[in-house]
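Worksheet: one structure, shown below.
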Amino acid sequence: MLQALIFDVDGTLADTERVHLEAFNHAFTEEGLDWHWDEARYRQLLEISGGKERMQHFWNERYPDLRELDHGAVRARIDRLHEIKTAYYENAVQEGRVGLRPGVLTLIEEAMRSGWRLAIATTTSPVNIAALLRTAMGPDWRTHFAAVGDASSAPVKKPHPQVYQQVLGELGMPAARCIAFEDSRNGLLAARAAGLKTIITPTAFTAHHVFDGALRVLPDLDGVTLEDLRAWHAGEAVAA
């Protein structure tokens, strides 16, 4: 019997990527770098899970001859960029520039009323999660989630299933009793590798991904009910 909902954050709970992109470019300017990611380039970089990992990948592309001796300095620079980026993003969320996607809060509230358990499985940072959900759900948002897996607790990024395996362990439930919500192919691969049936709600940044094996691919969660989830969960996956 289906008893728990597990949500990714960026792109799934909220369509955050344009603000994240803006925040990355702000950090580059603040640190005096001549980097600028447009939407097309960022769409490519989203194939890599994790903000620091994206910057490291881009750095390696720009400076392929970087000596291993310089690795520590590069890591420190990326850490600093990520701090600036995160502060910018948090401020944007507090200003109301990022909100939950259609249907998300309604589904969460229905699940809470029905005694279902909620969890988060994401590669983003705890600060980003707190900024978004504190604004959307109030200061006690954390009490509504039985488990939260993030970049600090599950450092191996999606498509590896580590974060989902961690969350399932915290829930103390088998994957067969849970359903995952994702917006990207990496997220789908991670959830399925953990044995989870998965609903996909793509964004403009992930709509080109291949979602074979998803339970459903929907524009958003508007109008989706627990009854719908039960019926879909009991049925077969559909090819994207």
Side-chain angles (χ1 to χ4, degrees), residues 1-14 16 49-50 100-101 103-201 211 213-218 221 224-237:
M1 182 183 295
L2 189 58
Q3 296 177 317
L5 310 181
I6 306 176
F7 292 92
D8 170 53
V9 175
D10 288 322
T12 302
L13 285 181
T16 59
S49 296
L100 298 184
R101 292 186 67 182
V104 166
L105 189 57
T106 299
L107 185 60
I108 286 175
E109 290 173 342
E110 183 186 1
M112 290 191 297
R113 288 194 302 270
S114 300
W116 288 31
R117 304 183 78 189
L118 299 170
I120 287 172
T122 180
T123 59
T124 198
S125 69
V127 173
N128 287 346
I129 300 168
L132 175 66
L133 292 180
R134 186 170 57 244
T135 301
M137 298 180 67
D140 63 342
W141 70 270
R142 183 61 181 84
T143 63
H144 302 310
F145 292 88
V148 174
D150 55 45
S152 68
S153 60
V156 184
K157 308 294 185 181
K158 300 172 185 176
H160 193 283
Q162 183 185 58
V163 69
Y164 279 108
Q165 292 166 343
Q166 175 205 321
V167 165
L168 288 170
E170 290 183 21
L171 287 173
M173 301 174 70
R177 293 187 181 180
C178 309
I179 196 166
F181 297 85
E182 282 281 356
D183 73 300
S184 70
R185 179 164 176 78
N186 277 348
L188 172 62
L189 292 174
R192 282 178 54 79
L196 289 155
K197 293 186 178 182
T198 308
I199 290 177
I200 298 291
T201 54
F211 296 118
L215 187 60
R216 287 291 186 281
V217 180
L218 308 171
L221 295 178
V224 174
T225 66
L226 297 188
E227 184 178 354
D228 293 327
L229 297 182
R230 288 191 191 96
W232 296 340
H233 191 263
E236 296 297 323

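Here, residue 1 is the first one in the sequence, and each next residue gets the next number. Note that the structure is a prediction, hence the values are computed from the model and not measured.
- Applying the salt bridge (charged side-chain N to carboxylate O under 4.0 Å, His left out) test to every pair with at least one member in residues 103-118, sequence neighbours left out, gives no pairs at all.
- Of all the heavy atoms in A180 and A191, the pair that sits closest is CB-CB, 3.9 Å.
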**OP:** Dump the intermediate steps for side chain to side chain donor-acceptor pair (under 3.5 Å) on S184 and N186, then the final yes or no.
**Re:** CA-CA 5 Å; S184 70; N186 277 348; 5.8 Å; no
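- Of the inter-residue distances, the one linking T12 atom OG1 with I199 atom CD1 reads 11.5 Å to the nearest 0.5 angstrom.
- A 4.5 Å side-chain heavy-atom check between L132 and T124 finds every atom pair outside the cut-off.
- L221 is listed as a side-chain neighbour of F7, based on a closest heavy-atom distance under 4.5 Å.
- Ion pairing between a basic and an acidic side chain is recognised when a charged N comes within 4.0 Å of a carboxylate O; D183 and R101 show no such pairing.
- Between F181 and V224 there is no side-chain heavy-atom pair separated by less than 4.5 Å.
- Sorted by first and then second residue, the side-chain hydrogen bond (donor to acceptor under 3.5 Å, both in side chains) pairs with a member in residues 130-145 read E90-R134; sequence neighbours excluded.
- Between the side chain of S153 and the backbone N or O of D150, at least one donor-acceptor pair lies under 3.5 Å.
- Considering every non-hydrogen atom in both I179 and L5, the closest pair reads CG2-CD2, 3.3 Å.
- Taking 4.5 Å as the limit, every side-chain heavy atom of N128 sits out of range of all side-chain heavy atoms of T122.
- Applying the side-chain hydrogen bond (donor to acceptor under 3.5 Å, both in side chains) rule to E170 yields the partners Q166; only residues at least two apart in sequence or on another chain are considered.
- Counting heavy atoms from C-beta outward, T123 and V9 have side chains that stay 4.5 Å or more apart.
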